[in-house]
Amino acid sequence: MLQSSTILSSAVIAVGSLEAMRHGCCRAYPKLESPHYVAFKAYSNSISALHTALLDPDVTQRDDVIWVTFFLGLFELMVDPTGEGWTKHMLSGTCKLLQLAGPQQKMSFSRKIFFQLFRVLESSRAVLYGDSTILSHPDWLALQQTRPFTSADDWDSLGSILSLMIQISKFNLEFFGYAESMAKTDNSGSLIDHLGTQGVEIQDSLYQWLCKAKAQLDRGAVPSSGSHQAFAYGHALLIFQFNSQLIERYKYRWSTMKLTTKAILLAASFGQISAKPTACYSFPSSMVDFSSNFEQPPPPSLNPEFRTAFVQHKWNLNLSHIMSGYMYASPSQNLVRVDETYDGGLARSIFNYANVSNEGLVENILTSFTDNLTNPTVWTGYVESNYPLFTDDFLVKNEAVFGGLVKRDFLEGQVASWAIMYDNSIPVTVYVDACGVVVGYDYFSPGLRTRVTTDFFDTVVSPIKL
C-alpha cells in the first residue's frame, strides 16, 4: 500500500523523519535537507493530498486514507503533547470515515488490522476523556463480537477488556447526563437504583474476567500474545473504575450543581463498592471435596494491600476478648494498622514488620483510650502479633495446603481455606476468595492454648498509605 499511495507514504515519512530527529538517529549535512524539514514537508504534502482524497466519492472504501488519518494524528501527537491534533483526527477524521462506511462494510485484511488498532486507541480515549464513541453503538458492538475482533477461546483476550472499557465510558457519559435531572428533582430514587445496578454489573464483569484469567494461569495455561496488554488494561480499570476520575469530576459538578446527597453517595460508592462480585465465590469443580476430578491446587497469590472491617474473638482459660474495628495492611511499607474497639476502650495498634526480634516478635506502638478519652496511654514494645502481614506470596512461602471450600460469616458464598504453620510453630488457617482477597483467618497459639478467629467484611483492595 505504501508503494501505491503517495498520501500514505508521505504521512509515514513525516512520522519516521520526526522520530529519527528526536532520537538523533541521523545527521543533517549542509547540502541536504534536515530531518525536521523533511518531516514537516512530508506532513504538509500528506495534508494537501488528504484534502483532495476526501473529494473522492469512494473515499470511505480507501484503506490508505483511513490509515493516513492515524499517521497524521500520530505526527501531531509527537509535535503537540496536549493531544488536541490527535483527538481532532481521531474524532473528525477516522471516526467519521468509519461511520460513513458503516459496520456492515466489507473489510479488507488491512482494514481489519486498522480496526483492531483503532479499537484500542478509541476505547482508551473514550474512557480517559469521558466522551461518546461509535464503538458503543449497537451495530458496532455486534461487529466487535465477531472474529477476528473477539474469540471465546482466548480466555485472556484483549477484546473482552476493550468491551468493558466501552461499557465504562458509556456508563460515565450516561451518569453525568442524568446528573442534571437528579439535581432538579427529589424523585430520583429509581434512577439512582438503575445506575447503581449498572455500575455493579460492570464491576462484576471486570472481576469475573480477572478471576477467570487468574484461575487459568494458576492451572498452567499458556497466555496468548496479547495477554500482557490485556492484564495491564484490566488492572488499570480496577484502579480507574468509578474512582479517581469519576470522583474528581463529580466533586466539581457537586460544587456547581448542588446535587442531592443521595447522588453524591452513589458516586462515592463506585469508588469503594462493598458488594462482592459473584465471581469471587466461584471455584472450579476440581477444588470440591470428594469430586471425581479433585486436584490439590497450588497456593494462590494474594492481593496484599487492603483495608477492611473486621471482628475478632480471642480466648483461652484466662480470657475471652472480643473486638471489632478496621485493619489496614500495607506490605509495601511493612506496616499493619488496627483501629479497634472493645469492652470499655478504644485503641490503635501499629505493627512494624520491618523491625522483628530474633524471637519473631513484632515492634508495636499501642495507643489506647479507656475512661479518659482526652488522655491516651501510649505503649511501645515487641509482641506476638494477632495481625499477620499478608504479602502476595504469603501462602506460597509458607507452603500452604488446601483445606477445602468453607462458608464464613458475613460472606454470601464459599471461600478457600489454606493451612500453614506460621513461623514453623503456630497453625494458621487463612481464608481466601477466588479473587485472591483474604477474608479472614484462624489460629491456635500453643503457648497459652489460645484460640483466635477473625472475620473480614467490606474489604477494599487498594494501595494503603500509613
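- More than 12 heavy atoms of other shown residues, nucleotides or ligands fall within 6.0 angstrom of atom CG in Leu319.
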Going through the checks in order, is the side-chain contact (heavy atoms from CB on, under 4.5 Å) test met by His321 and Trp315? CA-CA 6 Å; His321 190 52; Trp315 69 89; over 6 Å; no

Report, one line per pair, each donor and acceptor closer than 3.5 Å where one atom sits in a side chain of residues 420-432; sequence neighbours left out.
| from | atom 1 | to | atom 2 | distance (Å) |
| --- | --- | --- | --- | --- |
| Ser425 | OG | Asp423 | O | 3.4 |
| Tyr431 | OH | Asp442 | OD2 | 2.8 |

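- No side-chain donor from either of Thr459 and Arg307 sits under 3.5 Å from a side-chain acceptor of the other.
- The shortest heavy-atom contact between Cys435 and Asn303 is O-ND2, 2.8 Å.
- Taking the six-membered ring where tryptophan is involved, the planes of Tyr387 and Phe310 are perpendicular, since the angle between them exceeds 60° and thus also 30°.
- Here the side chains of Tyr328 and Val336 are not in contact, with every heavy-atom distance at 4.5 Å or above.
- Of all the heavy atoms in Phe70 and Leu121, the pair that sits closest is CE1-CD1, 3.6 Å.
- For the residue pair Ser330/Glu305, the side-chain donor-acceptor check at 3.5 Å is satisfied.
- Judged purely by atom type and a 3.5 angstrom limit, Asn364 uses its side chain to pair as donor or acceptor with the backbone of Ile350.
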Does the pair Thr133 and Glu122 meet the rule for a side-chain hydrogen bond (donor to acceptor under 3.5 Å, both in side chains), with working shown? CA-CA 7 Å; Thr133 171; Glu122 176 66 1; 2.9 Å; yes

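- In summary, the side chains of Thr453 and Gln312 do not present any donor paired with an acceptor at a separation below 3.5 Å, with no hydrogens or angles considered.
- Side-chain contact check for Ser320 and His313: at least one donor-acceptor pair (N or O, by modelled atom type) lies under 3.5 Å.
- The number of heavy-atom neighbours closer than 6.0 Å to CD of Glu399, taken from other residues, nucleotides and ligands shown, is 12 or below.
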Could you go step by step and tell me if Thr367 and Thr377 meet the side-chain contact (heavy atoms from CB on, under 4.5 Å) rule? CA-CA 6 Å; Thr367 304; Thr377 300; over 6 Å; no

Decide side-chain contact (heavy atoms from CB on, under 4.5 Å) for Met78 and Glu19; before the verdict, give the C-alpha distance in whole Å, the side-chain angles of both, and the deciding distance to 0.1 Å. CA-CA 8 Å; Met78 295 167 69; Glu19 179 69 5; 3.4 Å; yes

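- By the 30° and 60° cut-offs, the orientation of the rings of Phe390 relative to Phe394 is perpendicular.
- Using modelled atom types, no side-chain atom of Ser368 and backbone atom of Ala347 make a donor-acceptor pair closer than 3.5 Å.
- Using a 4.5 Å heavy-atom threshold, the side chains of Val338 and Arg348 count as separate.
- At a cut-off of 3.5 Å, with distance as the only test, a side-chain donor of Ser385 or Tyr353 sits close to an acceptor on the other residue.
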Take Ser163 and Arg119, measure what side-chain hydrogen bond (donor to acceptor under 3.5 Å, both in side chains) needs, and give me the verdict at the end. CA-CA 9 Å; Ser163 296; Arg119 207 173 153 216; 3.3 Å; yes

Going through the distances and angles, do Val452 and Thr454 end up as a side-chain contact (heavy atoms from CB on, under 4.5 Å)? CA-CA 7 Å; Val452 178; Thr454 308; 4.0 Å; yes

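- Taking CZ from Arg337 and CD1 from Ile365, the interatomic distance works out to 12.5 Å, rounded to the nearest 0.5 Å.
- In this structure, Ser123 OG and Leu162 CG are separated by 4.5 Å, a value rounded to the nearest 0.5 Å.
- Under the 3.5 Å distance criterion, the side-chain polar atoms of Asn398 are left unmatched by any main-chain donor or acceptor of Ala400.
- Between the side chain of Ser417 and the backbone N or O of Gly403 there is at least one donor-acceptor pair closer than 3.5 Å.
- Using the six-membered ring where Trp is involved, Phe457 and Phe410 have ring planes that are tilted, between 30° and 60° apart.
- The distance from the CG atom of Leu405 to the CD atom of Gln414 is 5.0 Å, given to the nearest 0.5 Å.
- The line from OG of Ser324 to CG of Asp455 is 12.0 Å long, rounded to the nearest 0.5 Å.
- With values rounded to the nearest 0.5 angstrom, Ile134 atom CD1 is found 5.0 Å from Cys95 atom SG.
- Partners of Phe114 by ring pair (Phe, Tyr, Trp, His ring centres under 6.0 Å), not counting sequence neighbours, listed by chain and number: Trp67.
- For Lys397, the salt bridge (charged side-chain N to carboxylate O under 4.0 Å, His left out) partners at least two apart in sequence or on another chain are Asp393.
- The shortest distance between side-chain heavy atoms of Leu366 and Val378 does not fall below 4.5 Å.
- Side-chain contact between Leu18 and Phe75: present, with at least one pair of heavy atoms (C-beta onward) separated by less than 4.5 Å.
- Taking every heavy atom of both residues into account, Met327 and Phe456 meet most closely at SD-CZ, 3.7 Å.
- Taking each heavy atom of Trp418 and Pro300 in turn, the nearest pair found is CZ2-CD, 3.4 Å.
- At least one donor-acceptor pair under 3.5 Å links the side chain of Gln333 to the backbone N or O of Leu466.
- For the pair Lys407 and Gly413, the tightest heavy-atom approach, listed with the atom from each and the gap, is CD-O, 3.6 Å.
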Start with the C-alpha distance between Asn293 and Ser285, add both sets of side-chain angles, then the distance that settles side-chain hydrogen bond (donor to acceptor under 3.5 Å, both in side chains), and finish with yes or no. CA-CA 7 Å; Asn293 62 334; Ser285 60; 3.0 Å; yes

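- Of all heavy-atom pairs between Phe402 and Ala416, the closest is CE1-CB, 3.8 Å.
- To the nearest 0.5 Å, atoms CG (Leu135) and CE (Met165) are separated by 10.5 Å.
- Contact check for Pro376 versus Phe369: side-chain heavy atoms found under the 4.5 Å cut-off.
- Leu302 is not listed as a side-chain neighbour of Thr391, based on a closest heavy-atom distance of 4.5 Å or more.
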